[in-house]
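Counting begins at 1 with the first residue of the sequence. The figures that follow rest on heavy atoms only: side chains count, while hydrogens, waters and symmetry mates do not.
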Amino acid sequence: TLVVFTSDHGEAFDEHGVFLHDDLYRGTLHVPLVMRFPGRLPAGKRIEARARLVDLMPTVLDLLGVPASDGMQGRSLVPFVRDDSAGRDAASEYDDSPGGNSRKYTEI
């Protein structure tokens, strides 16, 4: 059985003057991705490379041996299990303006 534990974002509790998840601080951007798959994933291995939520489905399909469709976004994280020295960039975007033209970006 493959078990996956994750979240789409963290929550802010007034650490930076905001509540919920309307910011680009570490507490809301860094969320867990924990996977357990006995016999397929090494137990207790921690990978420092960044992951994106869009990579979750290609990763699960790869672990299950199911080919991803051609138009699927993201890529499998399974290669990072073998070589966790590979770097990975991820970016987040947030727009808090009423008109939607004041975007803020951060690289995590």
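If you take CZ on F80 and CD1 on I47, they are separated by 8.5 Å, rounding to the nearest 0.5 Å. Rounded to the nearest 0.5 angstrom, R52 CZ and L77 CG are separated by 8.5 Å.
Looking at heavy atoms from C-beta onward, L33 lies in side-chain contact with V4 at the 4.5 angstrom threshold.
Under the 4.5 Å side-chain heavy-atom criterion for grouping Ile, Leu, Val, Met, Phe, Trp and Tyr, F5 is not connected to L56 through any hydrophobic cluster. V54 and L64 fall into different hydrophobic clusters, where Ile, Leu, Val, Met, Phe, Trp and Tyr side chains are chained together by heavy-atom contacts under 4.5 Å. When the side chains of ILVMFWY residues are joined at heavy-atom separations under 4.5 Å, either directly or via intervening members, V34 and V3 end up in two distinct hydrophobic clusters.
A pairwise comparison of heavy atoms in L63 and F37 identifies O-CE2, 3.6 Å as the closest pair. The two residues P58 and G74 make their nearest non-hydrogen contact at CG-C, 3.8 Å. Counting all heavy atoms, side chain and backbone alike, D55 lies closest to R75 at OD1-N, 2.8 Å.
Within the structure, the side chain to side chain donor-acceptor pair (under 3.5 Å) test picks out the following pairs touching residues 58-70 (sequence neighbours left out): D62-S76.
P38 pairs by the side chain to side chain contact (heavy atoms under 4.5 Å, CB included) definition with R36, not counting sequence neighbours.
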